Amino acid sequence: MLTTENVPAVLSGFDVPLRHDLILSVVIPVYNERDTLPRILRAVMLAVPEVRKEIIVVDDGSKDGTREWLAEVFPSSEILIKAVSRSAGGLIEFHTSEEEPAKPATTRETLVHPIAIKPVLQEKNGGKGRALRTGFRMATGDVIVIQDADLEYDPSDWTLMIRLMELGVADVVYGSRFYGRPHRSLYMYHMLGNKIITYLFNLLFDQTLTDIETCYKMFRRLVLEGVDLISDDFGIEVELSARLAGSKKWRVYETGITYYGRTYLEGKKIGWRDGLKALWYVIKFRLSK
């Protein structure tokens, strides 16, 4: 007869208690995002409030005042934020003390856990891939997630993604824009290109993903141990997928996310040339596997 003493401990599964000791490292690559960066930082701080977080912001040689704003607001290599406020006019401020008095007509929110902000100012523009590689090297959390600064992706969608980590069932979680959640209708050729890239990736790497070009890739930090990423540009999305989902070592999940897409007039950067490069990168990283 089995007793509670001799039944093997099960550390993962939907029926096990959630882990509450995980630390989430949020890596934000930034290039000319002065207007949106304060807003996304506030959203990141308030998302999954029960999870301890650190935020690594890597400025990739911005020329619109982003790096100057970072240097002014976060003047040290690591600063602990305890509260965030937003005025009726939209001004966002970050506070190192919970006791600082709130200004009139300002909504002040005290964070459940203080959050370490680590700003990095790269001397020149080296591409999203290089910025992410810098951020990954600085990450100290158990889990890493990528966050763009352009307000297309909502950090509140991490709730289900991090739950899969807390249950211990996933090593890698993709947030897919094509899983039936709300998304802005934009650019048929972008969607078609994404589906072609994803289909080719699935065919070559034996996966069933729906959106390998998504920003939202969440993974345990140990997944990158011993992995030498080389991409400097948007090819990092394919290379990461090749290393994360292309490996048979890791348990890969997808969840649906909301997508607030931007037009080129609103600042979207990726173009058709990046799509052609991505197709080549899928083949390149399959051959180098």
Side-chain angles (χ1 to χ4, degrees), residues 27 29-32 58 60 125-136 144-150 152-153 171-181 183-219 223-224 227-250 252-289:
V27 179
V30 177
Y31 181 65
N32 291 344
V58 184
D60 193 31
N125 180 253
K128 182 177 183 179
R130 183 175 295 183
L132 283 176
R133 283 165 30 219
T134 298
F136 294 159
I144 298 173
V145 67
I146 302 168
Q147 173 69 57
D148 286 345
D150 56 9
E152 288 191 329
Y153 293 83
D171 301 306
V172 179
V173 183
Y174 280 66
S176 174
R177 295 166 289 180
F178 306 118
Y179 248 45
R181 296 287 298 277
H183 63 273
R184 185 177 179 180
S185 178
L186 282 174
Y187 303 133
M188 172 64 183
Y189 61 87
H190 275 199
M191 185 186 72
L192 183 61
N194 195 308
K195 288 186 177 294
I196 291 172
I197 294 164
T198 299
Y199 180 81
L200 179 62
F201 179 89
N202 287 336
L203 187 66
L204 295 181
F205 288 89
D206 191 26
Q207 289 290 327
T208 58
L209 296 167
T210 63
D211 189 9
I212 72 162
E213 293 285 353
T214 180
C215 161
Y216 272 177
K217 297 175 179 72
M218 181 180 288
F219 47 90
V223 168
L224 287 187
V227 174
D228 185 22
L229 297 172
I230 61 173
S231 296
D232 286 339
D233 58 7
F234 284 104
I236 193 70
E237 306 288 4
V238 175
E239 184 180 9
L240 270 173
S241 292
R243 304 306 185 210
L244 303 179
S247 171
K248 299 304 180 184
K249 295 168 56 178
W250 310 116
V252 182
Y253 279 72
E254 268 191 322
T255 66
I257 61 169
T258 301
Y259 181 60
Y260 301 90
R262 297 191 302 171
T263 66
Y264 287 109
L265 289 176
E266 292 168 331
K268 194 169 189 67
K269 299 181 180 72
I270 198 165
W272 64 269
R273 291 182 180 85
D274 297 295
L276 292 179
K277 288 181 182 178
L279 287 171
W280 159 240
Y281 288 140
V282 172
I283 298 170
K284 171 184 175 181
F285 290 118
R286 181 64 184 88
L287 293 176
S288 64
K289 184 181 175 185

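Because only heavy atoms are used, hydrogens play no part in the values below, and waters and symmetry mates are left out as well, while side chains stay in. Numbering starts at 1 and runs along the sequence shown. Here the structure is a predicted model, which is why all the values come from computation and not from measurement.
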Going by atom types alone, do Tyr216 and Arg177 pair a side-chain donor with an acceptor below 3.5 Å? no
Aromatic ring proximity Tyr153/Tyr260, centre distance under 6.0 Å: no
On a heavy-atom basis, which atom in Glu239 and which in Ser231 lie closest, and how many Å separate them? OE1-OG, 2.6 Å
Smallest heavy-atom separation, Leu204 atom then Arg286 atom, equals O-NE, 2.7 Å
Looking only at heavy atoms, what is the nearest atom pair of Trp250 and Leu244, with distance? CD1-O, 3.6 Å
Tell me if a side-chain donor or acceptor on Glu237 pairs with a main-chain N or O of Ile212 at a distance below 3.5 Å. no
Qualifying residues under side-chain hydrogen bond (donor to acceptor under 3.5 Å, both in side chains), relative to Asn202, sequence neighbours excluded: none
Do the side chain of Asp60 and the main chain of Gly127 share a donor and acceptor less than 3.5 angstrom apart? yes
Which residues satisfy the side-chain hydrogen bond (donor to acceptor under 3.5 Å, both in side chains) test with Asp148, sequence neighbours excluded? Lys128
Tightest non-hydrogen contact, residues Leu209 and Ala245, listed as CD1-CB, 3.7 Å
Taking the basic N atoms (NZ, or NE/NH1/NH2) and the acidic carboxylate oxygens, is any pair closer than 4.0 Å for Asp171 and Lys249? no
Assess the pair Phe201 and Phe285: is the distance between their ring centroids shorter than 6.0 Å? no
Any chance the side chains of Glu254 and Thr210 put a donor and an acceptor closer than 3.5 Å? yes
Please determine, by modelled atom types, if Tyr281 and Asp233 share a side-chain donor-acceptor pair under 3.5 angstrom. yes
Testing the 3.5 Å rule here: is there a donor-acceptor pair between the side chains of Glu152 and Tyr259? yes
Nearest 0.5 Å, what's the OG1-CD1 distance between Thr214 and Ile257? 4.0 Å
Donor-acceptor pair, side chain of Arg130 and main chain of Ile230, under 3.5 angstrom: no
Please round to the nearest 0.5 Å and tell me the distance separating atom CD1 of Ile197 and atom CH2 of Trp280. 14.5 Å
Set of ring pair (Phe, Tyr, Trp, His ring centres under 6.0 Å) partners for Tyr174, sequence neighbours left out: none
Checking side chain to side chain contact (heavy atoms under 4.5 Å, CB included) for the pair Glu213/Asp211: CA distance, chi angles, key distance, verdict? CA-CA 5 Å; Glu213 293 285 353; Asp211 189 9; 4.3 Å; yes
